[in-house]
Every structure is written in structure tokens, then in C-alpha cells.
J.: 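Below: one structure in C-alpha cells.
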Number of protein chains: 2
Amino acid sequence: MSASFPHGSGHDGLIRKLASIASVSRDERIGLQALPILMRSFPADQEIVRDGDDPDHCCLLIEGFMHCYKQLETGKRQIVSFHIPGDLPDLQTMQLNVMDHALGTLTPCVVAFIPHRALHLLVGEFPNLAVAFWRDSLINAAIFREWVVNVGCRPGPQRLAHLFCELFYRLETVGLAHKDGCEMPLTQAVLGDATGLSSVHVNRMMQDLRGRGLIATKAKFLQILDREKLQDFAGFDPTYLHMKEVLSP
Amino acid sequence: MSASFPHGSGHDGLIRKLASIASVSRDERIGLQALPILMRSFPADQEIVRDGDDPDHCCLLIEGFMHCYKQLETGKRQIVSFHIPGDLPDLQTMQLNVMDHALGTLTPCVVAFIPHRALHLLVGEFPNLAVAFWRDSLINAAIFREWVVNVGCRPGPQRLAHLFCELFYRLETVGLAHKDGCEMPLTQAVLGDATGLSSVHVNRMMQDLRGRGLIATKAKFLQILDREKLQDFAGFDPTYLHMKEVLSP
DNA sequence: CGTGGTATTGAGATAAATCAAAGTCCGTGG
DNA sequence: CCACGGACTTTGATTTATCTCAATACCACG
């Protein structure tokens, strides 16, 4: 199993995730290891959970990029979050019955499905794990807040730059970044749907960022030429990601 | 005490809030009643929690309107949420050490302060209350998502209309709306900071909404002339507020 | 009855959208 | 190995939504 999925089994991924946001005891680890997990692979651009669904399981992303989005009747689409390996993109379905958005793959993905029933039993036994999940939800909410700021009041180039800073930072945290950049398998149309810009404008703003010597792109790789300068330009302050905070027992 | 605060003591407000998102047992109610709560009044436009703070208590809004916002170095300001009586606008400080935004009053407010220490003891004793808090956080996150959509891809008039629908709906839920509208003590500049529009543009878009026969405004009251039409126009679907969902024990 | 904060109006500037056409890249199959 | 097709990126030209600045009008309150 872990042979076929280079980034570890679902259990390992989940334990690593929770350990990164709260301390996890030995018993809790054993409980997590016992969770029934179903691993599945998906092609790119596949809808995994539909808007309006009431799923009976959560997803843990093992490999690939996913996104949450809302499709408006006007034809417009807004991406509200990107997800990278280690994320629990629809954790809220444990507590909220109806999906108010859709969840889909952006690239080919490996996803681990964990039944709500098993998760509820587990957090019933280990309240500390409920706290870890709650904390994860709160960090996600903090990211949403920053996205409101991003689309609400940053000009095009800064808006893209800020998104790049966030993704780089998050990928780094799970060991998926390189020294000078990261994989960025997102088309300009996708970046547009995430930033509230048209794809044509995204293209021009990327040229702007390249012209400023902040980034370079080759194929699906985003090279960050000067991280400090990029962050300053974007007004990026990683505090909102709440990564380096003291872990309480 | 409850004599001086018409909308009930802090304890009542908190119990009502939690009961609206999860079932609360008799013992839990007793535990909540025993919380040490400090009530305070504030004038309008006062910052209650600062960006970067690490508070040791949560706020429960008893009376008035509050808002969460981020001030950018560029001088721009983005409001990321509005809060009405019954809300816990900084509940996340129970789990996240650093405020990544500020919290302030919009109107004169009555706020109940509840120490983290007491809350942590309580949720330690009653894990079900932790779930209720978690659920509240998730509903707030759902509202942030919808705000990303609002600012990201709705045109001016629809954007304002959507915000009005949301506020009316939420005020209704806590019994603070009238049949045909609600108090709306928000200046056009404030509405602009929330929707990512300039105050001048807000003014023109309000005229647009009035011209369409959707709303009317007198003094600080927002009259909703045709709720159906307004919701259709805004593309408003209250699902994301997760109000009517089955309450699990 | 001022006076300060809002709301409104007008005119001009600008960021970003739209539409349409090339251009580039990349995988696939012949 | 090359040619093809489809998806993505880039470019140009035009239109539109929204911003900015500045002036004026309207209240509500002391």
C-alpha cells in the first residue's frame, strides 16, 4: 500500500497533519492507525464532492492539488481554497450536513476517504483530537479571511503574488517545496477563478511580476527569484497561517 | 444586571447561541451559567481586540454591531466579517494564539468577556460543548467562503444586495429583524470596506438597488421591499448559513 | 442654528473585462 | 520521428466597471 503511494499511507498522513497542529498522544496515534481508510486515485478535473451533497466521509488529500469552489448561475466560478497533500479539504462535513460548495481535483490525485462514523467514535474517545480538528478548521477559516482581503483590496499583481507566497509557504510546511520555488500545476484560468481576475488579466499580471524580477515560470514550476521582495511586494505576512504557534498539550 | 442589558445576561445569550447550533444538556447549561462573565459597554468605533494580540478571553456580543477587519499598509482596509448580538466574534482565540485581524465596534456595544481558562475547563468537562464551538467556527468559515465569492465575482449591485440578504437573514435568526427590513447602522464607507468597493460607488449602487425597487432606506433602517426579488437578484441562497440543519445530540 | 459627519453629484482617470486572433507547448498516434 | 490536435498562453484592440478627486447637499445633534 504505502509502496504504491509515495507520500505515505492515509494513516501516516493524517497523524502527521494532526501532529503539526496539536500534540498527539500514543493512544491517540493507535486510535488513528485503526481508522478504516479507503484510498483512491482520481484523474485531473474531477468533482469529488458536489455542492449540496451530504457525504458520510471526509477526504484526506495524499497526493496532488485539489480546490473548493462555487459555481454561480451567472456562469462565473469562484475558487475559495486550494488544497495540498496533508489537507482535510472537507473536514467540516463532520459537523455541517450540507456542502455549500464543491470539491474537485486540479491534478491527478490520491485521496484517502475516512468515514464520519469512525471519526466521530474516535473524537468521542479522544476529545483532544476533536480539538485538533477544530484548530485545523480555524486555520482554514483564517486563510479564508485572508482571501477576502486578497480579492477585496489588493491590485492584480499583488493579488497573484500573495497567492504564490501562500502556496509556497504551505507547500514548504509539508516538505513539497524546493529552495527556489515549487510545483504550480495551475493554469492561468484557474488562478483567475481564485483571484477574481480574468485569465487574460492573470496572464498580463504574471508578465508584470516577471518584469519586476520577482518570479519566473518554466513549465509547471514557479520559481521565486527573491522571496523577501515578493513577500514585501504582496504585503504577505504568514502570521495568518498559524504555523509556528506553540503546541498546547 | 439583566435589567441594564435588555437582551439578557451574558449567560443567557451564550446558552441561546449554543442551543441554536447544538443540543445543550441540563448539566451543560449549569456549567455555562457558572462561567465568570464580565459585561462592559463600549462606544462606537472602538477597537476591542488588536491585530497581533494574544487575548486571554473571548467576547460575546450582547448588543450592537461589531466587525472584524484587517488594515493594510497601503492604507486600504478590508472588513472580513460583521457581528450581531449572540455572536462570538473572536472564539478562535481559544485555539489560535495570535489575532490575525482586529475586532472593533461599529455602534455602541455591550460585550460580555469570558476567560479562556474557564472556557477550557468547561469544554474539558463537557466535550459536547467543544463540538458546539467547533460547529460555530465552521459556520463562520462558511460565511467567509461566501464573502470570497461575493467580493471575487459579483458585480457591485449584486454584491451589496447579497450582503443585505445575509445580514437580514442573520438578524432574523436572533429576533432582531422586522417583517420588512432591519436596522442597518452601517455607513456607506463601512459597506465599501466590506464589499471591496469605494464609498462613492456604494452610494451609486444603492441608488441602483433603490431604482430597481428592491430596497429603500430611511435613516439607519434598511427596508426590504421584495425579499424574493432581492435574493434572486443577489443570487442569495441561505444554505451556507447552515441555520436549519438537524441538531445532532 | 452652527457644525461635523454622511450622503450625493459630476467629471475625468484607470484597472480590469471582453472579444477575437495568433502563437506555443505537449502528448498521441501514425 | 514527425505531424496533428487540443489545451494553454500570449497579444492587440475596444469597452466597461470602478476609482479618485473635489464640490455640494443633507441631516442629526449639541
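Lettering follows sequence order; numbering is per chain, from 1.
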J.: Between A:Arg204 and A:Asp208, is there a salt bridge with N-O shorter than 4.0 Å?
T.: no
J.: Can you tell me how far P of D:dC8 sits from CE of A:Met184, to the nearest Å?
T.: 16 Å
J.: Where the side chain of A:Thr187 is concerned, which of D:dT20, D:dT9, C:dT18 is the nearest nucleotide?
T.: D:dT9
J.: Look at all strands and tell whether A:Lys218 reaches a base, only sugar-phosphate, or nothing, counting heavy atoms closer than 4.0 Å.
T.: nothing
J.: Is the B:His67 ring parallel, tilted or perpendicular to the B:Phe82 ring (thresholds 30°, 60°)?
T.: parallel
J.: Out of D:dT9, C:dA16, D:dT18, which nucleotide sits closest to the side chain of A:Arg159?
T.: C:dA16
J.: Does the side chain of A:Lys229 reach to within under 4.5 Å of the side chain of A:Phe233, using non-hydrogen atoms?
T.: no
J.: Quick one: which of D:dT10, C:dA16, D:dC19 gets closest to the side chain of A:Arg210?
T.: D:dT10
J.: Check the surroundings of atom CZ in A:Arg50: do more than 12 heavy atoms from other residues, nucleotides or ligands lie under 6.0 Å from it?
T.: no
J.: Between B:His201 (NE2) and C:dT14 (P), how many Å, whole number?
T.: 18 Å
J.: Would you classify A:Ser198 as touching base, sugar-phosphate or nothing, given that sugar-phosphate means primed atoms plus P, OP1 and OP2, and contacts are heavy atoms under 4.0 Å?
T.: base
J.: What is the separation between atom CG on A:Leu160 and atom P on C:dA15, rounded to the nearest whole Å?
T.: 16 Å
J.: Does B:Pro85 reach the side chain of B:Ile62, with side-chain heavy atoms less than 4.5 Å apart?
T.: no
J.: Mind checking if B:Gly192 touches a base, just sugar-phosphate, or nothing, with heavy atoms under 4.0 Å?
T.: nothing
J.: Measure the distance from CE on B:Met205 to P on C:dA7 and round it to the nearest whole Å.
T.: 16 Å
J.: Which nucleotide sits closest to the side chain of A:Leu197: C:dT18, D:dC19, C:dA16?
T.: C:dA16
J.: How large an angle, rounded to 10°, do the end axes of the helix from C:dA13-D:dT18 to C:dG30-D:dC1 enclose when each is built from five base pairs?
T.: 20°
J.: Roughly how many Å is it from CD in A:Gln188 to C1' in D:dA7, rounded to a whole number?
T.: 12 Å
J.: Below the 4.0 Å mark, does D:dT11 have OP1 or OP2 next to a side-chain nitrogen or oxygen of A:Gln207?
T.: yes
J.: Report the distance from atom CG of B:Asp208 to atom P of D:dT18, rounded to the nearest whole Å.
T.: 10 Å
J.: Under a 4.5 Å cut-off applied to non-hydrogen side-chain atoms, are B:Val111 and B:Phe42 in contact?
T.: yes
J.: Just distance, no hydrogens or angles: give the donor-acceptor pairs under 3.5 Å from side chains in residues 146-161 of chain B, sequence neighbours left out.
T.:
{"residue": "B:Glu146", "atom": "OE1", "partner": "A:Lys70", "partner atom": "NZ", "Å": "2.5"}
{"residue": "B:Glu146", "atom": "OE2", "partner": "B:Arg154", "partner atom": "NH2", "Å": "2.5"}
{"residue": "B:Glu146", "atom": "OE2", "partner": "B:His162", "partner atom": "NE2", "Å": "3.3"}
{"residue": "B:Trp147", "atom": "NE1", "partner": "B:Glu166", "partner atom": "OE1", "Å": "3.1"}
{"residue": "B:Trp147", "atom": "NE1", "partner": "B:Glu166", "partner atom": "OE2", "Å": "3.3"}
{"residue": "B:Asn150", "atom": "OD1", "partner": "B:Arg154", "partner atom": "NE", "Å": "2.8"}
{"residue": "B:Asn150", "atom": "ND2", "partner": "B:Arg159", "partner atom": "O", "Å": "3.2"}
{"residue": "B:Arg154", "atom": "NH2", "partner": "B:His162", "partner atom": "NE2", "Å": "3.2"}
{"residue": "B:Arg159", "atom": "NE", "partner": "B:Asn150", "partner atom": "O", "Å": "3.4"}
{"residue": "B:Arg159", "atom": "NE", "partner": "B:Arg154", "partner atom": "O", "Å": "2.9"}
{"residue": "B:Arg159", "atom": "NH1", "partner": "B:Thr195", "partner atom": "O", "Å": "2.6"}
{"residue": "B:Arg159", "atom": "NH2", "partner": "B:Arg154", "partner atom": "O", "Å": "3.1"}

J.: Measure the distance from NZ on B:Lys220 to P on C:dG5 and round it to the nearest whole Å.
T.: 13 Å
J.: Find the distance B:Arg204:CZ to D:dC19:C1' and express it as a whole number of Å.
T.: 10 Å
J.: Between B:Lys17 and B:Asp87, does any side-chain N to carboxylate O distance fall below 4.0 Å?
T.: yes
J.: Considering heavy-atom distances to DNA chain C, does A:Ala219 or A:Pro157 have its closest nucleotide positioned more toward the 5' end?
T.: A:Pro157
J.: Of the nucleotides D:dA22, D:dT11, C:dT6, which one has an atom closest to the side chain of B:Val200?
T.: D:dA22
J.: What nucleotide among D:dT9, D:dC19, C:dA17 has an atom nearest to a side-chain atom of A:Asn203?
T.: D:dT9
